[in-house]
Amino acid sequence: MAAILAVDDSASIRQMVSFTLRSAGHEVIEAIDGQDAVDKLRYNAVDVILTDQNMPRMDGLTLVRILRAREDCRNVPILILTTESSDEMKAMGREAGATGWLVKPFDPERLINVIDTVMSR
Amino acid sequence: MHSDDRPGKPAAAGRGTTAARELSSGAERPVRAGILAAVADLERLLQLLDQAGGDLMDRFSGFDQLLGEISRDAAQTPLARHAEALRAELLGATTAMQFQDMSTQLVEHALSELRTLAQRLGDEPGPQGRSEAPRVRRSPVSQSGIGAGSIDLF
């Protein structure tokens, strides 16, 4: 079981992600945008972060860059889960330090498998 | 209609830029009104999507909670197996249930473009008598279906 931070400004996506990951036995903490994620990570240690890209206040790529500069989050897998699917955006994600790029909508089984894969690396 | 009064026709020589502006705004007014009507429709669509999505999520959540209770209360019985089968079916619906997020982003993008167009049509022409061409922003959603998206691990 892993502790996973799910970051998305869409309540429905947060709910879908939480339902999917909890059904696989994971604990899920939710954040409504990048800034909320940074705040929640002050008090919570997590094993994986799953974040949207386009969000108010702080987007996913900014969140990745901020967390990669933090000692406690440097090695935490960060997956971007977004509707953005261009190669250019994926390259930016890779450059920022993201672990992977998942295009919405997600398939629940594949999402659970990806979480297992990045945790076992 | 006098031929010189046709909307969009270039101003006659000697009538100056004011006349040209009046002719231009005459042609733009119905276009702007149409765009604003489309904006109002899309705003209503966003509200409907939000309400329908919220209602679906509430019921989804309630169903999930009930399944959890059934699984606990009927542990080690055939009913628990049925509950797990139902949960698997519910999980299978999560891909399609993400339609609200995708459609909301698409509608918000279309709204933003239309508002910019409407605003520009209402603008006074610039120094050269013409506003700069608006830059079309890329849509954040490129998918045309609700099948699962790609996965790239770096």
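All heavy atoms count here, side chains included; hydrogens, waters and symmetry mates do not. The shown structure was predicted, so the numbers you read here are calculated from the model rather than taken from an experiment. Naming convention: chains lettered A, B, ... in sequence-line order (proteins, then strands); numbering from 1 in each chain.
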Applying the 4.5 Å side-chain criterion to the ILVMFWY set and letting contacts propagate, would [X] and [Y] be lumped into a single cluster?
X      : Y     : value
A:L41  : A:I4  : no
A:M58  : A:L50 : no
B:L153 : A:M92 : no
A:L63  : A:I78 : yes
A:I29  : A:M16 : no

Quick check on [X] against chain B: is it the side chain, the backbone, both or neither that has a heavy atom closer than 4.5 Å?
X      : answer
A:E84  : both
A:S12  : both
A:I80  : neither
A:L102 : both

*Who among A:I13, A:D9, A:D52, A:L81 has the most heavy-atom pairs with chain B under 4.5 Å?*
A:I13

*When heavy-atom pairs shorter than 4.5 Å are enumerated against chain B, which of A:A11, A:S18, A:G93, A:A98 gives the highest number?*
A:A98

_With rounding to the nearest 0.5 angstrom, report the OG1 to CE distance, A:T20 to B:M97._
10.5 Å

*Nearest-0.5 Å distance, CD1 of residue B:I151 to CG of residue A:D107*: 7.5 Å

Over 12 foreign heavy atoms within 6.0 Å of [atom1], [X]:
X      : atom1 : result
A:R68  : CZ    : yes
A:E88  : CD    : no
B:R44  : CZ    : no
A:E95  : CD    : no
A:E109 : CD    : no

*Where along residues 54-68 of chain B does a heavy atom come under 4.5 Å of chain A, listed by residue number?*
B:M57, B:F60, B:S61, B:D64

_Step-by-step side-chain contact (heavy atoms from CB on, under 4.5 Å) determination, B:R87 to A:F19_ = CA-CA 10 Å; B:R87 186 183 294 279; A:F19 173 71; 3.9 Å; yes

_What verdict does the side-chain contact (heavy atoms from CB on, under 4.5 Å) test give for A:V103 and B:D152, after you've listed the backbone C-alpha separation in whole Å, the side-chain angles of each residue and the deciding distance to 0.1 Å?_
CA-CA 9 Å; A:V103 177; B:D152 291 270; 5.7 Å; no

*For A:F106 and B:T95, work out which heavy atoms get closest and say how close.*
O-OG1, 3.1 Å

_For a quick test of reading the model, state the closest non-hydrogen atom pair linking A:P105 to B:Q98 and the distance between them._
CA-OE1, 3.1 Å

_Residues of residues 110-121 of chain A near chain B, each having a heavy atom less than 4.5 Å away_ = A:R110, A:V114, A:T117, A:V118, A:R121

